[in-house]
2 protein chains.
Amino acid sequence: MQHCDCLLTDMSDSDSLPVMMHERERWQLILTRLRDKGIVRVADLVGVTGASVATLRRDLAKLEDSGQLRRVHGGAESVASGQTPLTAPSFDASQTLNADLKQAVAQGAANLCQDGDSIILNAGSTTWFLAQCLRRHRMQVLTNSFPIAQELIAHSANRVVLPGGELYREAGIILSPFDEDAIQHFAASKMFMSCYSITPLGVIESDPLIARAEAKLLSRTEKLIVVADSTKFEARGNMVVCPLARVTTLVTDTGAPPHMLDHLRQQGVEVFLIDPKEAKVLTAA
Amino acid sequence: MQHCDCLLTDMSDSDSLPVMMHERERWQLILTRLRDKGIVRVADLVGVTGASVATLRRDLAKLEDSGQLRRVHGGAESVASGQTPLTAPSFDASQTLNADLKQAVAQGAANLCQDGDSIILNAGSTTWFLAQCLRRHRMQVLTNSFPIAQELIAHSANRVVLPGGELYREAGIILSPFDEDAIQHFAASKMFMSCYSITPLGVIESDPLIARAEAKLLSRTEKLIVVADSTKFEARGNMVVCPLARVTTLVTDTGAPPHMLDHLRQQGVEVFLIDPKEAKVLTAA
DNA sequence: GCATTCTTGATTGACTGTGATCGTTTCACA
DNA sequence: TGTGAAACGATCACAGTCAATCAAGAATGC
C-alpha cells in the first residue's frame, strides 16, 4: 500500500496532471473567473475544475459565507456588481486586453521618465504596465492605483504617495468624494494618464467618480502625458476628464488612426508613435 | 518502507542530495514553492523533500507560528496569496516575534467586532493578525497599513478606507505630515491599536511620525481598544500616543504583569485576558 | 562515556473534504 | 397558471488529512 502511495505522489509531481485540485486552488480559480466575467455557472466550473457539483456548491457556499461572492440560481456573481457603483472594467480583465500593445506603449512612455522626477500615475492597465517598466528608476510617484503601488513598493526603489479614500476592490482604485487630501501638497513634473477612450471632445472615462479623481490628480501638474494604445480611439464612455488641448503629449502605437493624430497635433499635442514589433524604438512624429 | 523512501528521493529529485534534508533547507524550499505557486500540498512536499508527512506537518506548524504561511486542509497557502507579496523586512521581523501570543490576542479582539461596524486599525503586527481574523466580517475598516489593506481586500468582504500620504516601504505604513485628509470624514465606532509598549505614562510608540499618525487616527473615534501581548509591558520607546485614561479596553494575554493590569483598571480600562493555550476563550477580568 | 535534548518517523483515533443519492424548490416556457 | 427540467440542500459512506503519542536515531553538553 505504502509503495503504491509513494509511487503515486512521486509521479504526479508535475502539476500538469488533473489529479485533483486543491480546495484553495478551486477557490482561487472561481474568484478569478468571477473577476473576469462577473458571473460563473456551477456547470462550467465542473468542467474547469473536474470537481463534482456537490463540491462546487459547497465551495460557493463557503465563499459566499466569507463575503467574496454572491450566489445566484445556477452559479454565483461578483459581489462588486451590486455593491460597487464603479462601471470600470475589473483590473484583471482589462490587464489582459491588448496586453502587447499596452506594454509597447508603456515602454515608450517609460523612456520619458528620469531619476528624480515627481510623476503621477492614474489607475489603469497601461499605467500598470508603465509601472513595471520603472523598476530601475528612482522617482517620486503619486498614484491612486493600489496594484501600481504594490508593484512599485515591491519591485522598485521609487517613493510612493497615495491619495486618501476608499479602496475599490475590483478596479483597485482609491477614490474619495472629498477635496481635502494629502495630494494637494504634491507637485509633479508630469502625469501619465491612461483612459477609457480618446475622442475629439477630449480624454474620456466611463465612470464619473473616476473622471473626477483623475481631474483632481491632473490639477497637481502642468504636463499631461496620455498613454493609450491604438484601440482607444473610438468613441466610448461619456465622462470628459479634460479637453485635448490640455494634453501635452500622447504616447500611442502605430495603429492609431491618422486623422485623430492630425487632429491632436493641431491642438498642440506632441505625438509619440511606438512600433509594437520593435517595441523599444521611439519615434517622434 | 525504507526501500520506497530511498527510491523516491533518488528518482524524484534532480537538484538535490539523496541524504536527509536539513530542517532549514526544507523550510526554505517550502517557502520558495509557496511564493511560486501560492499553495503547497503536504503530499507534494513529501515527494520533493523526502521527509515524512509528520515532519512536514511539524514544519508547516512552525512556519505558521512564525506567521510565514497559513495552513489549510491538505497543505498551506501563502499569507498574501493571489497578491504580490509585500516583502517588508522590518514588518516581517516584528510579525514573527511572539507570533502565537499576538495571534491569540488578535483572535480575542476580533470577537469584539460585529458586522456593520466602522473600525480603525493602525499599522502593526498584532493588528495585522487581527485583520486575518476578520475574513468573515463585513465592516468598514480605516487603516494606515498597506499590508492590512492588502489582506482585507484580497480575503474579505470588508470595505477599506486609506488615509493619504507617503507609503513607507519597510514598515508598510502610510504617513502624511499634513492634516487635511480624507480620514477627517471617517467616523469609527472603535479603534484597535497596537503599539510599541505600554507604560504608566500611556501608550508608547518609538517613532514620532508614527505616534502622530496614530493620534490622528485616534481622533476619529471615542472607543480605543489596545491590543498588546504580554511582552509589551516594559518601558521602551519614548513617544506617548495617548495617556492610559484614554484607553477604553485592553486585550492582552495571561502573561501580562498583574500590577500593570491593576493600574490600568484603576484608570478605568476594561481588561480582557486571553489564554494563549486555549486561544478562543475570552475572559473578562 | 553517559545522559539529555532535538529531530524524525510510524501509529492511532478523530476529523474534514468529497462524491453520489435523495426529495424538494426554483426557474423557464408554454 | 401549469408543467418539465434544472438546480438546490440534506444526508450518507468513503478516502484523505489531522493532531497526539510513542519510539528510534543524531547532536549536544557534562
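These numbers come from the heavy atoms of this one structure, side chains and all, not from hydrogens, waters or symmetry mates.
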TODO: Determine, step by step, whether D59(A) and K62(A) satisfy the salt bridge (Lys or Arg N to Asp or Glu O under 4.0 Å) criterion, reporting the C-alpha distance in whole Å, the side-chain angles of both residues, the deciding distance to 0.1 Å, and the verdict.
DONE: CA-CA 5 Å; D59(A) 286 341; K62(A) 284 174 188 167; 5.3 Å; no
Open item on the list: Measuring from the side chain of A51(A) (C-beta onward, heavy atoms only), which nucleotide among dA10(C), dG19(C), dT18(C) has the closest atom?
Closed with: dG19(C)
- [ ] Side chain of R71(A) only, please: which of dT18(C), dG9(D), dT8(C) is the nearest?
- [x] dG9(D)
Task: Side chain of D59(A) (C-beta onward), nearest among dT18(C), dG17(C), dA10(C) - done: dT18(C)
- [ ] Give a yes or no on whether the ring-centroid distance for F146(A) and F146(B) is below 6.0 angstrom.
- [x] yes
Task: Atom-pair distance (CZ on R26(A); P on dG17(C)), nearest Å - done: 10 Å
TODO: Compare side-chain N and O positions of S52(A) against OP1 and OP2 of dT18(C) and report whether any pair is under 4.0 Å apart.
DONE: no
Open item on the list: Just to be sure I understand the rule, does V72(A) reach a base, reach only the sugar-phosphate, or reach nothing, if contact means heavy atoms closer than 4.0 Å?
Closed with: sugar-phosphate
Task: the helix from dG1(C)-dC30(D) to dA30(C)-dT1(D): angle between end helix axes, five pairs per end, rounded to 10 degrees - done: 40°
Open item on the list: Once you apply a heavy-atom cut-off of 4.0 Å, does V42(B) come out as touching a base, just sugar-phosphate, or nothing?
Closed with: sugar-phosphate
Open item on the list: Base, sugar-phosphate or nothing for R24(A)? Non-hydrogen atoms, less than 4.0 Å.
Closed with: nothing
Task: Residues which pass side chain to side chain contact (heavy atoms under 4.5 Å, CB included) with S52(B), listed by chain and number, not counting sequence neighbours - done: A54(B), T55(B)
Task: Heavy-atom neighbours of R71(B) CZ exceed 12 at 6.0 Å - done: yes
TODO: Would you mind telling me which residue lines up with the more 5' stretch of DNA chain C, G50(A) or H73(A), judged by nearest nucleotide?
DONE: G50(A)
Open item on the list: Below the 4.0 Å mark, does dG16(D) have OP1 or OP2 next to a side-chain nitrogen or oxygen of R41(B)?
Closed with: no
Open item on the list: What's the closest nucleotide to the side chain of T55(A) if the choices are dG9(C), dT18(C), dG17(C)?
Closed with: dT18(C)
Task: Of K190(B), K223(B), R138(B), R159(B), the residue whose pairing with D117(B) passes salt bridge (charged side-chain N to carboxylate O under 4.0 Å, His left out) - done: K190(B)
Task: Residue R58(A), side-chain heavy atoms: nucleotide from dT11(D), dG9(D), dT21(D) that is nearest - done: dT11(D)
